[in-house]
Each structure stands twice: as C-alpha cells, then as structure tokens.
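First comes the structure, then the notes that go with it.
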Number of protein chains: 2
Amino acid sequence: MQNPLVLKINQLFGSDAALHGLLDFGPSHRVLPHLDIVGDGSEVSHTSLLLGGVACRYRIMGEQRAILGFLVPGDFTNPPFPDHQRLNFGVSALTTCKVMNVSCAHLREVASHTPQLSTALWTLNQMDHAILLSWLAQNSHCPADKRLAHLLCELRARLALVGLADDNSFLLPLTQEDLADALGLSTVHVNRVLQHLRELDIIRSMGRTVSIPDLGQLEAFAGFNPTYLHLRGAVMRLDRMHSTAQMRK
Amino acid sequence: MQNPLVLKINQLFGSDAALHGLLDFGPSHRVLPHLDIVGDGSEVSHTSLLLGGVACRYRIMGEQRAILGFLVPGDFTNPPFPDHQRLNFGVSALTTCKVMNVSCAHLREVASHTPQLSTALWTLNQMDHAILLSWLAQNSHCPADKRLAHLLCELRARLALVGLADDNSFLLPLTQEDLADALGLSTVHVNRVLQHLRELDIIRSMGRTVSIPDLGQLEAFAGFNPTYLHLRGAVMRLDRMHSTAQMRK
DNA sequence: CGATTACTTGACACCGGTCAAAGCCGGTGG
DNA sequence: CCACCGGCTTTGACCGGTGTCAAGTAATCG
C-alpha cells in the first residue's frame, strides 16, 4: 500500500526514486464520515494529506452546505506553503478517511533540499487552483447535465492519477446529495440528470460504481479538457522549468 | 499618483516606508478596452500589475464568455510566484488599463531581501484564492439578487483598499453584460435584479456610479463577510507570522 | 447629427426547485 | 433467517426563477 501522494507525483512527473522516502511523514489517523478533518475558520500551521477515502471542502451557507471541492487520496486539505493560515472553509470526511497531518514548516524544510519536490508541490497547488477555476466556470455557465458530466470526468481523471480509476469505470462513494451540494443543484434534480445520462448511455452506474462505455464520448459531452489538470505535458513542463532555471544561472 | 499596490499593502499591513521604493518596476503601457492583457492559454514567466482601470479574467465557454474574476488597480493578472506558468484563462481589459509587466524572477529577487514584502505577496495571493472560493460559493448556491449584491460588496471593499471607493459610493465602469457574464446570468435578468435592488433602496445607481444609502444594510442583504478578504486583522496576522517565525529560530 | 452601444420592457418558455410520498437497499437485532 | 429500520434513491405534481426573443428607448461617441 503506497502513499498516494508519491504515486501521484510519480505519475505526473515521471518515476523519481528520490522522492519515495521523503514523503513518509509519520502516523496517520482515521476520520469517520460526516466528521470534520479541519473545522471551518480554524487557524492552522499544518496541512493534512488524505491517504484514503473521499472528503470535501465545504462552507455552510444559510441552511445548506456548499461543497467547494472534493479531496481524493493524495490531496492536501489546504495549500502546504504558508504558515498560520486561517481557513475560510472546513474539510469534512464523506467516507471513512485516512489522514496524515504534515507541518508546513517541516514540509518546506524537506522541499528545500529537493528542488524537484518543491516544483512538484507547486504544480499540485496550481492544479488545485485550476480545478477551482473550472468549477466556477462550469457551475456558473453550464446546464446541469454538462456540469454533472464534467464533474465525473474530473473525478475520474484525478482518481486515475492515484490508481483508483481506469478508462472504463471507477468507484465513486458519493451520495446524490453530495453531488447536488457540489453542483449547486437539488438532490431531486441530480437524480433526474443522472437518469438522463444513463438513457443517453453516456454513463452506466450501479450502486457506487460508475462505468463509462466510451470515455471519449463522455468527455466530449462534458466539454472536458484534461490539460487543465496538467495531466499531459506535466513531465515536459517540469523538465523545461529545470532547464530554464539552469540557463538563468 | 501612487502605485496602487503600494497603497494596498500599506492599507492592509500598516504603513511601511521600506516598501515604497521597492515596487517601482519600470515602464507601464496602456491597453484599450476589449483587448487582451494576457491571452488565454499563454505561457508566461511574468505577471502584470494593473495600475489603472478594470480588467477581468475570463474563459470562452462555447458561445459565451465566462468572467472568472475582476481585476482592480493593485491586482496581479496571475500569481507572481512560479516561473513558466501556462495560464488556463485570459485577461482582458474592460476599460482602458494601465499595466506594468513584472518578471516573476525579479519579483522573487526583490522579495527575498524583504521578508515583509514576501509575506505581503503571500497574503495577497491567499486573498485572491479566497475571492475565487467565494465566487464559487455564491454563484452556485445563491439566488441572483444576493449574488449581485455580494459582488457589489466585494468590489466596493477591494476598490476601497486602493482609495477608489468609500462607504457611500464608488465608480463602477462595468456594463450589465460584464456583470451577467461574471454572475452566470443573462443581461436581461441582471437589469431586472438591479431594478429590484433599487426599489428596495439597497443601492442607488446613476450611470456608472453606485451609491449606497446604508452599507450595513447592503452587506447584511448579501450575507457579506469581509473577513475573507483579510481586510480586518491582516495587520495583526502579519505581526503574528513574524513573531512565530522568530520564535522558531 | 447619425450610428453604435448600452439599457429597459413585455410576453412567453423552460430549467430546475419544492414538497410529499413511495420504493429500495444495507445493516442490525431478535 | 426474517423483520425492522434509517438513509438513500426514485417518482409525480406543481411552482417559481431565469432565459430567450424581440422591440423600443436612452446614452455615448465620432
């Protein structure tokens, strides 16, 4: 059972044995569903690495919960760079989660000895930012069916990065209510849109398993552009950054 | 005529004479309305500081433009930290803009000599992130009138930081179409919601000037919580970061 | 002063929300 | 092994917020 962050970094930047040992930070603990991993508005000088399960960033707006992002294994709850962040969101476990706390100071210390790790963390942070931008664009400007399809594409791609999905299916332990709170829709409507996607045979879902007859078709329907996740070309980009960094010296 | 970034940093972190000279990076140029300051998808190793005018981050989705954020004087088009970013959005001038390009490498160089500047840039970056989160939450989970009201609160607060707004009014050079593309609404509906807010006497707008009879009432209506902009307490936070940084040594 | 761009208005359609009830499914305990 | 239970999913009827289309009015600029 490998650290999913290591898996992800290797997947994105090419296998790099040097990193394997660096990212074992210590003991992990479990968080049960519906419990907070990080409380809303808390002030922290650490981040938490999700090792297993699915969690979400959220904020309570009036009566209802707004989900602002999903976390899958290999993700950090908050950016690992600055000390003493006051978060303006909470992080809550959606399934049972395995979590490891990482001091930001410690992570910076490790990264300062390993420029590749430092670059990798930066890229992951930009990926996080890109996902947020994409949610904003989709949720504000797309009809419900495209929104939902796009979210499925994104989650599949991110899960695939840590070996939890392939091109044809993956396990998605979210309720329709979770999806609704993320997409800004009602639970009832999410249900109907799911049925609609099934009728079109764009997805086939049984229980928690989503299976995808034709990934290309799904991504086309959603208008999904995987490059924003730095999925392809990330290795090239890392190389270029190193080479230009050397040129400048 | 002062550099609005200096103004903003002083406003947020307290007057700090040491910064005054550091943030003059060189020549600026003008960009006319509707022209790109940075093209979508371009790869840059610099950022651009907006010195005057209003611009937006945007992305074209199908037929229509999605506005993903507004830029006011003192804002950067993209985060100033990493070299060689491939942007997944464009930046376009909404009014005539005065823009100054800043090499990321150079900015890092300057910041490395001035820990206060470095911290300030970090905080500004987190502020940017917080605004994005807030847009996502509002646009996905609020009815049109609250959304619009919230956006007006945010813009007023940000403009006030650089001396371009007070509690009772400010100049907002946006068309209703700009607002619509930002809020994910149709132009027609933005028009109607504006009328509605005027009927409630929550805002009074004449031409491009928005005047606010009672700021408290507007912010209450919008559910606006200014702390997410680091507006209050930012000075304290900066102090705390410095003192804890020293303690660790 | 004409021409273009922005704003305003009304009628109508539709997407998605709400409410309420009924199945389904997995777990728990007798 | 079955009965029960709570959470999740599915349905239907109805309503309201927003979008669309199209036309008309104001404002801005050369």
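Within every chain, numbering begins at 1; the chains are lettered A, B, ... in the order of the sequence lines, protein sequences first and strands thereafter. Just the heavy atoms: all of them, side chains too, but no hydrogens, waters or symmetry mates, feed the values below.
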Within the structure, does a side-chain N or O atom of [X] lie under 4.0 Å from either OP1 or OP2 of [N]?
| X | N | result |
| --- | --- | --- |
| Asn191(B) | dC7(C) | no |
| Gln176(B) | dT8(C) | yes |
| Gln195(A) | dT9(D) | no |
| Arg208(A) | dC25(C) | no |

Distance check needed: [N] [atom2] versus [X] [atom1], whole Å only.
| X | N | atom1 | atom2 | answer |
| --- | --- | --- | --- | --- |
| His141(A) | dG19(D) | NE2 | P | 11 Å |
| Leu179(B) | dA6(C) | CG | C1' | 13 Å |
| Glu177(B) | dC7(C) | CD | P | 9 Å |
| Gln64(B) | dT18(D) | CD | P | 16 Å |
| Leu183(B) | dG17(D) | CG | C1' | 15 Å |
| His189(B) | dC14(C) | NE2 | C1' | 14 Å |
| Asp181(B) | dA6(C) | CG | P | 12 Å |
| Arg198(B) | dT9(C) | CZ | C1' | 13 Å |

- Task: Report the C-alpha distance between Asp75(B) and Arg57(B) in whole Å, list the side-chain angles of each, state the deciding distance to 0.1 Å, and finish with yes or no for salt bridge (Lys or Arg N to Asp or Glu O under 4.0 Å).
- Result: CA-CA 11 Å; Asp75(B) 289 342; Arg57(B) 304 197 182 114; over 6 Å; no

Students often get this wrong, so: under 4.0 angstrom with heavy atoms, is [X] touching a base, only sugar-phosphate, or nothing?
| X | answer |
| --- | --- |
| Arg147(B) | nothing |
| Thr175(A) | sugar-phosphate |
| Leu194(A) | nothing |
| Val188(A) | base |

- Examine distances only and state if a side-chain atom of Arg86(A) and a backbone atom of Gly41(A) form a donor-acceptor pair shorter than 3.5 Å. yes

- Message: How close do Gln85(A) and Pro79(A) get, counting heavy atoms only, and between which atoms?
- Response: NE2-O, 2.8 Å

- Message: To check you understand the geometry: which heavy-atom pair defines the closest contact between Leu151(B) and Trp135(B), and what is its length?
- Response: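 Heavy-atom minimum between the residues: CD1-CZ2, 3.6 Å.
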
- dG12(D) base to Arg192(A) side chain: any donor-acceptor pair below 3.5 Å? yes

- Task: For Tyr58(A) and Asp36(A), test the side chains for any donor-to-acceptor distance below 3.5 angstrom and give the result as yes or no.
- Result: yes

